[in-house]
Undergrad: 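Below is a structure I'd like to ask you about.
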Amino acid sequence: MSTQPLDERRTPMAAPSRSLVIPVYLNEDNIPSLLTALTEMHRGLDHDLEVIFVIDGSPDASGEVLVRAQASMPFPARIIFHSRNFGAFTAVRTGLEHASGRTFAVMAADLQEPPELIAQFFATLEADECDIVFGQRIKRNDAPVRDALSRTFWWLYRKLVISGVPRGGVDIFACNHAAREELLAIEEPNSSLIAQLFWIGFRRSFVTYERRPREIGTSAWGIGRRLRYMMDSIFSFTDLPIILVLWVGVIGVLGSFVFGIGIAVARLTGYITEPGYTTLVLLITFFGSAILAVQGIIGSYLWRTFENTKRRPLRIVARIVDGVGKEQ
């Protein structure tokens, strides 16, 4: 038996052009099934795939199981450990930063999204049909209560944050090098990766799929995390709450004038006889609305200041075609 290290016995080959990022949190029992699926995927992609596992402060032994299995993985793999749990979307960014391919895909470790989608994503990107491709769920196969909560969450997300997000939300996507570079240029804590993907623009494509039932374990994506993610998305990508406050105040001020006329008429015609009632009602109505209007105006200025502190690029050039039709 050869005594050479395993890495030296492998046949030298070019660096993979495809990178797959997988955040890992509480997935210890899923690892064997995940590695089997990744092995088949690697074979189906002509052995041109690297996998970046990001252990996001997982309290179980997910990371240790992957480290022990790394030597037997038929594909190049990198295992990155966060010092604590920073969240799945931060783990995705970490994986994208350390990926070395030309096209990049992201999938969850629980295998609820069919691994076959990844091959479709890479084929779509390599055919230059788009710059970002999203998996669009057409069915979830979750428990009824969880399914209803997820539908409600993404309905609100579409209404309040990004209208272009698919109805079922986004858990899996892929992108080319240009889109990845622009995505990583946005360095904002407490933000929304999904909203960022839609904010940077580029050509998009959607691949429909049916989400599989979860066979092992339970999801860590609970109501608390969803609410936090919704709030981060709203406060980072829309001034809708400020505008609502402003319009409630403005409408209230206008309404107080109409209400004041009605109160004055009622006072003069004897329908209101209590002393001081008219003055008190008008003052409460007017100044309450005026305060909301002023808060809305101040909030609008603060929003613009906040926008300037984000340091997002003023524009993103996706491609340039010169005078003879050659694309740069």
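Sequential numbering from 1 along the given sequence is applied to the chain's residues.
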Undergrad: If you compare all heavy atoms of D110 against all heavy atoms of E113, which two are closest, and at what distance to 0.1 Å?
TA: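 Scanning both residues completely, I find the closest heavy atoms to be OD1-OE1, 4.1 Å.
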Undergrad: Cut-off 3.5 Å, side chains only: do S17 and D48 have a donor facing an acceptor?
TA: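 A donor-acceptor contact under 3.5 Å links the two side chains.
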Undergrad: Are side-chain heavy atoms of V54 and V92 found at a separation under 4.5 Å?
TA: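 The answer is no; the side chains never approach within 4.5 Å.
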Undergrad: Heavy atoms, side chains only, cut-off 4.5 Å: are R102 and N176 in contact?
TA: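 No, their side chains stay 4.5 Å or more apart.
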Undergrad: Please round to the nearest 0.5 Å and tell me the distance separating atom CZ of F121 and atom CE of M107.
TA: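 Taking CZ in F121 and CE in M107, the distance rounds to 10.0 Å.
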Undergrad: Quick check: do L26 and P59 have side-chain heavy atoms less than 4.5 Å from each other?
TA: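 Sidechains of P59 and L26: in contact.
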Undergrad: For the side chain of R78 and the backbone of H98, is there at least one donor-acceptor N/O pair under 3.5 Å apart?
TA: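 Present.
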Undergrad: Taking it one step at a time, do L193 and L183 satisfy side-chain contact (heavy atoms from CB on, under 4.5 Å)?
TA: CA-CA 8 Å; L193 179 66; L183 181 65; 3.7 Å; yes
Undergrad: State, with a plain yes or no, whether a side-chain heavy atom of F206 is found less than 4.5 Å away from one of T124.
TA: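 In short, these two side chains do not touch, never coming nearer than 4.5 Å.
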Undergrad: Taking atom CD of E126 and atom CZ of R18, what is their separation to the nearest 0.5 Å?
TA: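 It is 4.0 Å, given to the nearest 0.5 Å.
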Undergrad: So do the side chains of P16 and L49 get within less than 4.5 Å of each other, counting heavy atoms only?
TA: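 They are not in contact (no side-chain heavy atoms under 4.5 Å apart), so the answer is no.
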Undergrad: Distance check, rounded to the nearest 0.5 Å: N30 atom CG versus I22 atom CD1?
TA: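 Spacing of CG (N30) from CD1 (I22) equals 11.0 Å.
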Undergrad: Taking side chain as C-beta onward, heavy atoms only, is L66 less than 4.5 Å from M73?
TA: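 Counting from C-beta outward, L66 and M73 do come under 4.5 Å.
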Undergrad: Considering non-hydrogen atoms only, spot the tightest contact between Q196 and I186 and give its length.
TA: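 So the two residues come closest at NE2-CG2, 3.7 Å.
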Undergrad: Any donor-acceptor pair under 3.5 Å linking the side-chain atoms of E50 with those of S19?
TA: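 Per modelled atom types, S19 and E50 side chains form a pair under 3.5 Å.
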Undergrad: Take atom CZ of R204 as the centre, draw a 6.0 Å sphere, and report whether it contains more than 12 heavy atoms from other residues, nucleotides or ligands.
TA: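 Buried by this count: over 12 neighbours within 6.0 Å.
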Undergrad: Following the transitive rule for hydrophobic clusters with a side-chain heavy-atom cut-off under 4.5 Å over Ile, Leu, Val, Met, Phe, Trp and Tyr, establish whether L45 and F53 coincide in one cluster.
TA: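 Linked, L45 and F53 end up in one cluster.
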Undergrad: Using 0.5 Å steps for rounding, measure from the CG atom of L20 to the CZ atom of F122.
TA: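 Rounded to the nearest 0.5 Å, the CG-CZ separation comes to 6.0 Å.
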Undergrad: How many angstroms lie between CZ in F202 and SG in C130, if you round to the nearest 0.5 Å?
TA: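 It comes to 12.0 Å.
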Undergrad: Any side-chain heavy atom of L117 sitting closer than 4.5 Å to one from I172?
TA: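 Yes, at least one pair of side-chain atoms sits under 4.5 Å.
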Undergrad: For A91, is there any backbone N or O sitting under 3.5 Å from a side-chain donor or acceptor partner on D56?
TA: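 No, the answer is negative, given that no donor and acceptor are paired below the 3.5 Å cut-off.
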Undergrad: Kindly give the heavy-atom pair with the smallest separation between I118 and V106, and that separation in Å.
TA: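 That would be CD1-O, 4.2 Å.
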Undergrad: Looking at every non-hydrogen atom in both residues, tell me the closest pair between A109 and V24 and how far apart they are.
TA: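 So the two residues come closest at CB-CG2, 4.4 Å.
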Undergrad: So which atom in L125 and which in A174 form the shortest heavy-atom distance, rounded to 0.1 Å?
TA: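 Minimum heavy-atom separation between L125 and A174: CD1-CB, 3.7 Å.
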Undergrad: Is the F173-F198 ring centre distance short of 6.0 angstrom?
TA: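 Centroid distance F173-F198: not below 6.0 Å, so no.
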Undergrad: Should L111 and S33 count as side-chain neighbours, where that means a heavy-atom distance under 4.5 Å?
TA: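 When only atoms from C-beta onward are counted, S33 and L111 do touch, with a gap below 4.5 Å.
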Undergrad: Of the non-hydrogen atoms in L184 and R93, which two are nearest, and what is the gap between them?
TA: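 Smallest interatomic distance, heavy atoms only, reads O-NH2, 3.2 Å.
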Undergrad: Taking the six-membered ring of F86 as reference, does the cationic atom of R84 (NZ for Lys, CZ for Arg) lie under 6.0 Å from its centre and within 45° of its axis?
TA: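 The answer is yes; both the distance and angle limits are met.
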Undergrad: Between S62 and N27, is there a donor-acceptor pair closer than 3.5 Å when you use the side chain of the first and the backbone of the second?
TA: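 Checked: pair present.
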Undergrad: Atom OH of Y25 and atom CD1 of I55: how far apart are they, to the nearest 0.5 Å?
TA: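 Going from the OH atom of Y25 to the CD1 atom of I55 covers 12.5 Å.
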